[in-house]
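By convention in this document, chain letters (A, B, ...) are assigned in the order of the sequence lines, proteins followed by strands, and residues within each chain are numbered from 1. Both backbone and side-chain heavy atoms feed into the values below; hydrogens, waters and symmetry mates do not.
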There are 2 protein chains.
Amino acid sequence: MIERIHLRVVQAVEQHGSLTAAAKELCVTQSALSHTMRKLEDNLGTPIWLREGRSLRLTQAGRYLLNISNRVLPLLRHAEDKLKQIAQGERGTLRIGMECHPCYQWLLKVVSPFLDAWPDVDVDVKQKFQFGGVGALLDYEIDLLVTPDPFYKSGLCFSPVFDYEQVLVVAKHHVLAGRQYALAEDLRDQVLLTYPVATDRLDIYTQFLNPAAVVPKHHKTSEATEIMLQMVASDRGVAALPRWLAEEYAKKLPISVVRLGKDGIAKQIYLGTREGDAGIEYLKAFIDLARDYEHPAGVSDSQ
Amino acid sequence: MIERIHLRVVQAVEQHGSLTAAAKELCVTQSALSHTMRKLEDNLGTPIWLREGRSLRLTQAGRYLLNISNRVLPLLRHAEDKLKQIAQGERGTLRIGMECHPCYQWLLKVVSPFLDAWPDVDVDVKQKFQFGGVGALLDYEIDLLVTPDPFYKSGLCFSPVFDYEQVLVVAKHHVLAGRQYALAEDLRDQVLLTYPVATDRLDIYTQFLNPAAVVPKHHKTSEATEIMLQMVASDRGVAALPRWLAEEYAKKLPISVVRLGKDGIAKQIYLGTREGDAGIEYLKAFIDLARDYEHPAGVSDSQ
DNA sequence: TAATATCTATGAGCAAAATTAATTGATGCG
DNA sequence: CGCATCAATTAATTTTGCTCATAGATATTA
């Protein structure tokens, strides 16, 4: 009923003083505007202007409509700009899903240069998914998944960004501290600290404890890496973390790093995307940035 | 370019889950919406939805457009409601102009029941006019003029709302206090207090001092009635005010009232409107309320 | 697995709506 | 008074938007 053209006419008449001038502005004839506005006035049941001689003066209704015009039109114009930017891949929101708790620190270091390079792209990070990270990707909840477990499925595309070794972190003077490597049996009388996720998503279980049918004395969880490592430092438990992360914290806390098993546990971090999004420039750019990123400890290829 | 229909479709599809359902909601065929939205997508250069099988899933652009829809559509719907209320005279803004300083107190007492009776009508009061009250009326700066000086002119319409007597107010023990009436000469050695307006708009000059060619000793001005009367009470000057107003204040301040001249100065207050506004219900209602209002002192017809 | 139902996209034709051109009447202005 | 300019109006024309019919795709059901 009130259409965009009506708002534009009210605004243009106010700006240029007459219907004729407004018509020129809007690239139509004066007649067209006269007809159009007449129809709106009939529809509303009130004139927008008082016709005084050959000039128009806004009525109360007209003044109100002018207010609406001034509020709505900029919104629409701005929306069009933004949508066209989105169309050209210059603007958007990159929604990143994380399935790798300790990677958060790494992510922050990649996001920072990305935001500088793509000022019109926003970044959202989510960590909870009802149907797992892959589900979130397929459901368009997220656009990029950071995960150690690539799940090859048609429509999705995973690419590795860095390798690392998962290691055991213990207190500096812990009995395992000096060892060349730890065995599953060594954890039988230990308290194990992990992030609060299902055990089948924890490598320490799937690749280390379960194969040897070992269960640690206790299993406690912590959301925050910092807290977890302070617990480790005060010898209240041991934790399994990426080597680069553990070594980072080892500078500040009295902790030691021990290989898990004779050969260690090798891991990779992958970035997953939808194949359909292959054309999105800023997504490609993010993956490139992530792949190029050198770890501060230079551990990314050290294992 | 982005038209109202596009916003409505995006919203309806989100609400009802499919184009077909949205089409039913909007009372058109599915085909119409498909065509319409396709055109917008071509225009923007980006799809609004991803077509997955037979269902639609919003793209980033689509989500953005949905946001805009949720912001803009309620604005427009509300505007239509309001405009139709304005059309039916149920809603509006009554802009009142005052050319009679002391009437302000009276006005407040009329406005109060008016606002109760017309909850959807706002009231604005203005006191300064570049081209006088009549000019403001003709220029649509105001819709109603409160004035003691009706200025009959085609297109305008004045109706009296009450009569009153303009009297001299003096301190209780002033030399004129006991007099039956004052003469112009009595003011020759007095300080005269008035509102800060031109002398040709002050009755005390036009109807009293000027005919007798008398000029008071001093002429001081004050915006506020209360202040002016406190000055009078402390015998720093005399003032000319409506009798009803003076008697109101006489209850609280040590002041006396003296007739101006043998026959007194009779005044009326008029309400002026544009003839073209004769159909506005709430305007008529205001004038009726004003005319019916009885002065607290019952002075309106006492002179 | 075949049949059915349901969804979107598409093309052609048509009706309605918007626009224009031309004109009228009114009103400032020199 | 004559000229220029403005909004409204009428009729003609163009454009748009809508519907119908149908195809293609994909879930659902037997």
Among A:Asp143, A:Asp277, A:Asp122, find the residue that satisfies the salt bridge (charged side-chain N to carboxylate O under 4.0 Å, His left out) test when tested with A:Arg95.
->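 Answer after filtering A:Asp143, A:Asp277, A:Asp122: A:Asp143.
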What is the distance from [atom1] of [X] to [atom2] of [N], rounded to the nearest Å?
X       : N      : atom1 : atom2 : answer
A:Glu41 : D:dA8  : CD    : C1'   : 12 Å
A:Arg38 : D:dT9  : CZ    : C1'   : 9 Å
B:Leu33 : D:dT16 : CG    : P     : 19 Å
B:Lys24 : D:dT19 : NZ    : P     : 14 Å
A:Asp42 : D:dT9  : CG    : C1'   : 13 Å
A:Gln30 : D:dT9  : CD    : P     : 11 Å
B:Leu50 : C:dT8  : CG    : C1'   : 14 Å
A:His16 : D:dT5  : NE2   : P     : 17 Å

Where each residue is assigned the nucleotide of DNA chain C containing its nearest heavy atom, which of A:Ala32 and A:Gly53 is assigned the position nearer the 5′ end?
->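 The residue mapped nearer the 5' terminus is A:Ala32.
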Has the side chain of B:Arg54 got a donor or acceptor that lies under 3.5 Å from a partner of the other kind on the base of C:dT8?
->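 Checked by distance alone, the answer is no.
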[N] OP1/OP2 closer than 4.0 Å to side-chain N/O of [X]:
X       : N      : value
B:Thr36 : D:dC18 : yes
B:Lys39 : D:dT16 : no
B:Ser31 : D:dA21 : no

Taking the inter-plane angle between the rings of B:Tyr195 and B:His101 on a 0 to 90° scale, is it parallel (under 30°), tilted (30 to 60°) or perpendicular (over 60°)?
-> parallel
Could you give the distance from CG (A:Leu289) to OH (A:Tyr282), rounded to the nearest 0.5 Å?
-> 14.5 Å
For A:Thr29, which contact category applies under a 4.0 Å heavy-atom criterion: base, sugar-phosphate, or nothing?
-> base
If you look at every strand shown and take non-hydrogen atoms under 4.0 Å, does A:Ser34 touch a base, only sugar-phosphate, or nothing?
-> base
Is any side-chain N of the basic residue among A:Glu80 and A:Arg4 closer than 4.0 Å to the acidic one's carboxylate O?
->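 Between A:Arg4 and A:Glu80 there is a salt bridge, with a charged N closer than 4.0 Å to a carboxylate O.
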Are B:Glu52 and A:Arg274 ion-paired here, with the side-chain N under 4.0 Å from a carboxylate O?
-> no
Output yes if the stacking criterion (under 5.5 Å between centres, under 30° between planes) is met for B:His35 over the base of D:dC18, else no.
-> no
